[in-house]
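Worksheet for the structure shown next.
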There are 2 protein chains.
Amino acid sequence: MLPEFKIAQLRHFVWVAELKGFHYAAQKACRTQPAISLSIRDLENKLGADVFEKRSTKSTMTELTPFGKHFLPKAKELIAHHDSISQDMMLMRNNKSGHLRLASVPSIACRLLPNLLSKFVADSPDLHISFYDDNSEAVLRKIEKQQVDIGIASLPHGHEHNNILFTPIWQDEIGVVCHNENPLANNSELHWQDLHDQRLISNGTSRLLEETEAAPLLDGSQFYISNMLSLIAMIEAGIGITTLPRFAFPEHNKTLCFIPLKTPHVIRQIGIVQLKNSSLSPAAQAFADFILKQGAAQQ
Amino acid sequence: MLPEFKIAQLRHFVWVAELKGFHYAAQKACRTQPAISLSIRDLENKLGADVFEKRSTKSTMTELTPFGKHFLPKAKELIAHHDSISQDMMLMRNNKSGHLRLASVPSIACRLLPNLLSKFVADSPDLHISFYDDNSEAVLRKIEKQQVDIGIASLPHGHEHNNILFTPIWQDEIGVVCHNENPLANNSELHWQDLHDQRLISNGTSRLLEETEAAPLLDGSQFYISNMLSLIAMIEAGIGITTLPRFAFPEHNKTLCFIPLKTPHVIRQIGIVQLKNSSLSPAAQAFADFILKQGAAQQ
DNA sequence: TCTTTTGATAAGGAAAACTTATCGTGTTAC
DNA sequence: GTAACACGATAAGTTTTCCTTATCAAAAGA
C-alpha cells in the first residue's frame with residue numbers, strides 16, 4: 001500500500017538536490033550517473049510525483065519541484081534518524097558497555113558528578129561517556145531531542161514536559177551567600193527580612209525566589225550577574241550578598257559562607273530525567289541504578 | 001562504513017520479536033520462513049551481533065538478546081518515522097494535505113470561487129489555503145514573486161509577462177450598469193453612442209475601454225470611484241451609470257441592471273495564471289485541473 | 001520413541017541494482 | 001549559426017540481492 005523508501009535512495013535524492021546535479025550526486029554516492037537517474041526515477045514512481053523539474057521545462061540547473069521541496073527536509077530527517085540509530089548500534093557493539101550520553105545542571109556536575117562518575121566507570125573500563133552541562137531547561141531539551149540518554153536536572157513547574165520521566169534524588173535548599181565578615185555570617189539560619197539592609201546581587205538561580213515572600217528583595221536588586229565565577233568574586237570582594245542553592249555554592253570556599261534561608265524555605269528537587277515510554281540504553285540504565293544507590297547516600 | 005538497514009528488514013525483525021516466531025513473522029510479511037531467516041541473519045551481520053538468542057542456548061521460545069532488546073524500540077521508531085513520512089507524502093500527492101496559495105481578481109473571487117473552493121476542499125480536511133484578492137496586475141506580481149502558487153486573472157496586453165503561463169477559462173464582457181428606472185434599462189444591448197447624454201461614472205475597470213471608440217466618453221467623465229461598494233451605491237442612487245465586466249456586477253442586485261455593450265465589444269479573458277517553466281505544487285495542480293473541469297462548465 | 005514444531009541450509013530462479021555505451025537536448029563560445 | 005559541451009535520459013547486459021522450494025537438524029510433547 002504505502003511505498004517503502006530505501007535509505008540509499010533518499011540519500012541520492014538529497015545529494016542531487018543539494019549538489020544541484022545528478023553528476024555530482026553520482027560522484028558522492030560512488031555510483032555512475034545512470035544509477036542515480038534510475039534511483040531518482042524509482043523514487044518518483046513510488047511517490048507518484050516528480051521531485052525534480054524536468055530539464056525540458058526549466059533553466060540550466062537541476063531544480064526541485066514544490067513537491068520535492070516539501071519532501072527534502074523529511075528525507076533528510078529520516079536519513080539522520082537512521083544514521084543515528086546505526087551509529088548508536090555500532091558504538092554499542094564495539095564496546096560491550098556502550099555509550100552513556102549524559103547532561104547535568106552545573107551544580108551537581110561540579111559537586112557530585114566527578115566523584116560519582118569516577119566510581120561508576122571504575123568497573124566499566126570500555127564505557128564511552130559524552131557529558132554536557134547546562135541549566136535545567138536545556139537539559140530537558142536535550143533529553144527531548146534525544147541528544148542525550150539521561151539527564152540530571154530539576155523539573156521547572158509551570159512548564160509542562162509530559163514526555164519526561166522524573167525521579168527525584170537530591171533536595172537542594174536555597175541559602176544566603178555572604179562574606180565571612182558580614183554580620184549575617186554569625187547566624188545559623190536567616191529569614192528574608194534579615195536581608196533588608198544588604199545589597200542583594202541576583203543571579204540565574206534567583207528566579208527560584210520569584211513567587212515567594214522574598215520577591216520584593218529581588219525587585220529592589222541593583223545587580224544581576226549571570227556568571228558564577230564573577231558572582232563569587234563580587235561577594236568575596238564584599239560588594240554584597242546573594243542567594244544560591246546549596247549545591248551551587250562552591251564547596252571548599254573559605255572566605256564565604258552559606259546560611260540556609262528559612263523563610264521562604266525554597267527546596268529544589270533535583271533528580272534523574274529521562275524520556276518517558278522509551279527504554280534507557282544499558283549504560284544509561286546502569287548509571288541511573290548506580291545513582292539511585294550511591295548518589296542518594298552521598299547527600 | 002555504517003551499515004544501512006532496509007525498512008523491510010527492520011519490519012521482519014520487529015515482527016519476529018513481537019510475534020515470537022519466524023513462522024508468524026513470515027506469515028505477516030507474506031513471505032516464506034527461510035526468507036525471514038535470511039533477512040534476520042543479514043541484519044545480524046550488519047549489526048555485528050545477534051539479536052535473537054540462539055535456540056540451543058536459551059529457552060523454548062524465540063527470545064531477544066539484550067542487544068536485540070536495545071535495538072527493538074529503535075527499529076520500531078525508525079519504521080514509524082518512515083511510515084509517517086510515507087503516508088504524509090501520499091496525502092500530499094492526493095492533495096489531502098499541503099498548502100494552496102491562491103490569488104484572484106475580485107470579480108471571480110466573489111462570483112465563482114466561493115462555490116468552487118467549497119467543492120474543492122470538500123474531502124481535503126487538512127488542506128491549508130491562503131487566499132488573496134487584488135486586481136490582475138497585482139495577481140501577476142504575486143505569481144512572479146512566488147508569493148502565491150496559482151492565480152486567477154486576465155492578462156493585460158501591453159504589459160509583457162513573458163514568464164507567465166496563461167490558460168484562459170472565462171470570457172467576461174463589458175456592459176453598462178444603470179438603475180432599473182433609467183431609460184437605458186429597456187435595451188437588451190447598447191452601443192457607446194447611446195451613452196452620450198448619461199452621466200458616466202468611471203471606475204477601476206474603465207481602462208478596459210481606453211483604447212476603444214468609447215474612449216471619449218471616459219475623457220468626459222466627471223466622476224471616478226474606485227471602491228465597488230461606493231460605486232454601486234452611487235448608481236443605485238441614480239446619480240449616473242457606469243461600465244463593468246459582467247462578473248464584477250453584483251449577482252443578485254434588484255435595483256440595477258446590466259446591459260451588454262456591443263460597440264465596442266470588449267471581452268476580457270480571465271483564466272489561470274502560473275509561473276512558466278515551473279511545475280505547480282500538487283494541491284495547486286489539482287486545483288487548476290479542478291477549475292478546468294468544473295469552472296468552465298459553471299460559466 | 002515417534003511425531004510435531006521451529007529454525008537453518010542448499011540450490012535455483014526472479015527481481016533489483018549497477019555498469020558501459022549511446023543518445024538528445026539545451027547552453028556556451030566563437 | 002554552428003560546433004563543442006554539459007547534463008541527464010535511455011538501452012542492453014551483467015552482477016547482486018532476494019525469495020522460493022525442498023530438505024535437514026534439533027528440541028519439545030505425547
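Just so it is clear: chains get the letters A, B, ... in the order the sequence lines come, proteins before strands, and each one is counted from 1.
- Applying the 4.0 Å criterion to OP1 and OP2 of D/dA9, one finds that A/Ser37 has a side-chain N or O inside that range.
- Using a 4.0 Å cut-off, some side-chain N or O of B/Thr32 falls inside it from OP1 or OP2 of D/dT20.
- Summarising the geometry, the separation between CG on A/Leu43 and P on C/dA16 is reported as 16 Å, rounded to the nearest angstrom.
- The B/Gln33 side chain lies nearest to C/dG7 when the options are D/dC19, D/dA9, C/dG7.
- Rounded to an integer number of Å, the gap from OH of B/Tyr24 to C1' of C/dT5 is 9 Å.
- Take the nearest nucleotide of DNA chain C for A/Arg31 and for A/Pro34: the residue whose nucleotide is more 5' is A/Arg31.
- Using a 4.0 Å cut-off between a side-chain N of Lys or Arg and a carboxylate O of Asp or Glu, A/Asp289 and A/Lys293 do not qualify as a salt bridge.
- Protein atom CD of B/Glu4 is 15 Å distant from nucleotide atom C1' of D/dT17, rounded to whole Å.
- To the nearest angstrom, P of D/dG8 lies 15 Å from CG of A/Asp50.
- One can place CG of A/Leu38 at 12 Å from C1' of D/dA12, the figure rounded to the nearest angstrom.
- Going from atom NE2 of B/His23 over to atom P of C/dT4 covers 15 Å, rounded to whole Å.
- Checked for salt-bridge contact, A/Glu18 and A/Lys76 meet the test: a charged N lies under 4.0 Å from a carboxylate O.
- Here the two rings, on B/Phe5 and B/Phe71, have centers that are under 6.0 Å apart.
- Residue A/Phe52 is out of contact with every strand shown, counting any heavy-atom pair closer than 4.0 Å.
- If you take CZ of B/Phe22 and P of D/dA26, they are 17 Å apart, rounded to a whole angstrom.
- One atom, NE2 of B/His12, and another, P of C/dG7, lie 15 Å apart when rounded to the nearest Å.
- Between A/Asp88 and B/His70, the closest heavy-atom pair is OD2-CE1, 3.9 Å.
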